[in-house]
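Predicted, not measured: the structure shown is a model, and the values here were computed from it.
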Amino acid sequence: QVQLVESGGGLVQPGGSLRLSCAASGIFFSDKTTGWYRQAPGKERELVAIITRAGITNYPNSVKGRFTISRDNAKNTVYLQMNSLKPEDTAVYYCNLHISWSGMDYWGKGTLVTVSS
C-alpha cells in the first residue's frame, strides 16, 4: 500500500526557514517524478517544486531561489527546504508522486505552513 506522509510544517516568521519532509512507504522515489504542491485558502493548488527521475529540479518564479527540493533515496524521503519565507507562502503543502506510465498520482495528507509575524 502506497503512503506519503508529510511533516515539518508549522508557524514561522517572515524571512524564516522550514524544511518539509515526505516519507514514502510501499513505493520508491528513486525512479519517479516527485513534486511539492501547495494550496492556500481561496486559491488553486499550485506546483512549487519538482524533481524528475533523473534528478532534475524545476521551480516557478514565485519560489525560485528560495525553495529547494531534494531526494534521499536511501531514506526514501523527499525534502523541500524553504528559505526567506513570505506571508504569501502560507498554505497547506502536499507531497506528490507521479507515475508516468500509468498516469497515476499519489498524494500525502498535507502539512500546514503559516508565515506570519
Closest heavy-atom contact between [X] and [Y]?
X	Y	result
S84	D89	O-OD2, 4.4 Å
V48	L80	CG2-CD2, 4.3 Å
Q39	R45	NE2-N, 3.8 Å
V12	L18	CG1-CD1, 4.0 Å
P14	S117	CD-N, 3.7 Å
N76	I27	ND2-O, 2.8 Å

Is M104 reachable from I51 through a run of I, L, V, M, F, W or Y residues, each pair having side-chain heavy atoms under 4.5 Å apart?
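Same cluster.
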Distance-only, no hydrogens or angles: does the S30 side chain make a donor-acceptor pair with backbone N or O of F28 under 3.5 Å?
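Checking the backbone N and O of F28 against the side chain of S30, no donor-acceptor pair under 3.5 Å is found.
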Short side-chain to backbone donor-acceptor contact, T114 and T90, under 3.5 Å
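Absent.
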Close side-chain approach of [X] to [Y], heavy-atom, < 4.5 Å:
X	Y	result
L11	S116	yes
M82	R66	no
R38	V63	yes
C22	Y79	no
L97	V2	no
I69	Y59	yes
Y106	I99	yes
F29	L4	yes

Between atom [atom1] of [X] and atom [atom2] of [Y], what is the distance when rounded to the nearest 0.5 Å?
X	Y	atom1	atom2	value
T34	R53	OG1	CZ	11.0 Å
R71	T57	CZ	OG1	10.5 Å
W36	T68	CH2	OG1	13.5 Å
Q1	S25	CD	OG	7.5 Å

Other than Y94, what residues sit in its cluster of Ile, Leu, Val, Met, Phe, Trp and Tyr side chains whose heavy atoms are under 4.5 Å apart, directly or through others?
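Answer for Y94: Y37, L47, I50, V92, W107, L112.
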Do any pairs count as a side chain to side chain donor-acceptor pair (under 3.5 Å) and have a residue in residues 3-14, sequence neighbours left out, and if so which ones?
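Matches after skipping sequence neighbours: none remain.
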